[in-house]
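In listed order, ligands and their atoms are each counted from 1.
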Amino acid sequence: MQPYQHFLSEILIDEKSLQARVKELGEQISADYQNQELLLICILRGGVPFMVDLSRHITIPHMMDFMAVSSYGIGRRESSGSARVTLDLQMDILDKNVILVEDIVDSGHTISSVLNMLETRQPKTLKICALLDKPERREAQVPIHYLGFTIPNKFVFGYGLDLDEYYRNLPFVGVVDLNKYKPSE
Ligand code: IMP
Ligand code: MG
């Protein structure tokens, strides 16, 4: 029995569906940025598995950079309303085509703060690629140019999304039964 089995209420998106959709997104991005310079920016830590898989399906040359923001403290599941940069980019994004890669857009506060901050550095283009969208929870409106899946208002884990920093490695997206999950697990 897997350690998460008793609080996994359902597998929302299985590995096969995730991989198929990520491949489609990679192909779409490859076509849209043909003959152009492209920089993928991963928002740590949730965007890591998604960006790695996505990048493998992008057939045009591209660069990667990483940034981290804090909006959810460890053990908290509500967004604070604004995000603070805790690790900045190494690269200069001036005049570059940038795609921000995120695991999920929930309230929208994280991505909208990051967008506002990056806009001031004057990239050529700035788009958002999110694996998951939870529209019912939206408080800040953000454009999602490339989207994996729209999901209901449920707390999910796996494929980058954490449960108190664990389970980001799982190959599927599962729903947590919060009545059965205890943070020490
Ligand atoms: P937002 O600022 O509310 O849009 O929050 C976005 C961030 O919250 C994501 O990057 C995730 O790290 C985290 N988050 C939101 N919903 C979930 C969830 O269902 N499971 C795990 N993390 C989540
Ligand atoms: Mg998180």
Side-chain angles (χ1 to χ4, degrees), residues 3-4 6-15 17-18 21-22 25 40-54 64-89 98-119 126-185:
Y4 51 79
H6 64 288
F7 59 76
L8 172 68
S9 65
E10 62 173 308
I11 291 183
L12 195 61
I13 311 168
D14 65 18
E15 182 173 2
S17 313
L18 275 173
R21 185 69 190 125
V22 173
L25 289 172
L40 300 181
I41 295 180
C42 177
I43 303 185
L44 297 173
R45 292 171 292 272
V48 171
F50 177 39
M51 191 168 100
V52 169
D53 287 347
L54 181 68
M64 295 180 193
D65 204 352
F66 300 85
M67 66 184 294
V69 293
S70 72
S71 58
Y72 277 54
I74 290 174
R76 289 183 58 215
R77 299 198 188 93
E78 294 299 319
S79 194
S80 61
S82 70
R84 192 169 53 87
V85 175
T86 54
L87 177 77
D88 206 342
L89 300 170
V98 173
I99 300 181
L100 265 180
V101 182
E102 243 296 42
D103 53 357
I104 186 167
V105 182
D106 189 24
S107 72
H109 290 304
T110 306
I111 207 80
S112 86
S113 310
V114 173
L115 264 188
N116 290 338
M117 201 267 286
L118 294 183
E119 286 287 8
L126 180 54
K127 302 240 160 130
I128 294 172
C129 176
L131 178 71
L132 306 175
D133 178 17
K134 243 191 238 180
E136 286 169 53
R137 300 243 315 163
R138 196 73 86 257
E139 290 170 11
Q141 292 312 314
V142 284
I144 305 178
H145 307 92
Y146 299 99
L147 174 66
F149 301 87
T150 299
I151 64 164
N153 184 11
K154 291 178 174 173
F155 201 80
V156 292
F157 71 116
Y159 202 67
L161 295 121
D162 70 299
L163 254 183
D164 299 314
E165 293 304 320
Y166 286 88
Y167 304 113
R168 295 189 196 272
N169 61 307
L170 298 179
F172 57 82
V173 172
V175 176
V176 187
D177 182 339
L178 289 168
N179 295 318
K180 295 188 181 148
Y181 167 76
K182 289 181 211 69
S184 56
E185 288 167 334

query: Which class fits the ring pair Phe50 and Tyr159: parallel under 30°, tilted 30 to 60°, perpendicular over 60°?
result: tilted
Check each atom of ligand 1 against the heavy atoms of [X] and keep those under 4.0 Å away; list them by number with element.
| X | value |
| --- | --- |
| Asp103 | 9 (C), 10 (O), 11 (C), 12 (O) |
| Phe155 | 17 (C), 18 (C), 19 (O), 20 (N), 21 (C), 22 (N) |
| Thr110 | 1 (P), 2 (O), 5 (O), 6 (C) |
| Asp162 | 21 (C) |
| Glu102 | 10 (O) |
| Lys134 | 16 (N), 17 (C), 18 (C), 19 (O) |

- request: May I ask whether Ile111 has any heavy atom positioned less than 4.0 angstrom from an atom of ligand 1?
  value: no
task: Using distance alone, decide if ligand 1 has a nitrogen or oxygen within less than 3.5 Å of any nitrogen or oxygen in Gly108.
output: yes
message: For ligand 1 and Val156, I'd like to know whether there is a polar contact (N/O to N/O, distance under 3.5 Å).
response: yes
message: For Arg137, which part has a heavy atom under 4.0 Å from ligand 1: side chain, backbone, both, or neither?
response: neither
- request: Could you give me the CA-CA distance, side-chain angles and deciding distance for Ile151 and Val173, then say whether side-chain contact (heavy atoms from CB on, under 4.5 Å) is met?
  value: CA-CA 10 Å; Ile151 64 164; Val173 172; 5.7 Å; no
query: Do the side chains of Arg168 and Val48 get nearer than 4.5 Å, heavy atoms only?
result: no
message: Is the shortest side-chain heavy-atom distance between Ile111 and Ile43 below 4.5 Å?
response: yes
- request: Answer yes or no: is there an ion pair linking Arg138 with Asp133, defined by an N-O contact shorter than 4.0 Å?
  value: yes
query: Step by step, would you call Leu131 with Leu54 a side-chain contact (heavy atoms from CB on, under 4.5 Å)?
result: CA-CA 10 Å; Leu131 178 71; Leu54 181 68; over 6 Å; no
task: Measure centre to centre between the rings of Tyr181 and Tyr167, then say whether the value is under 6.0 Å.
output: no
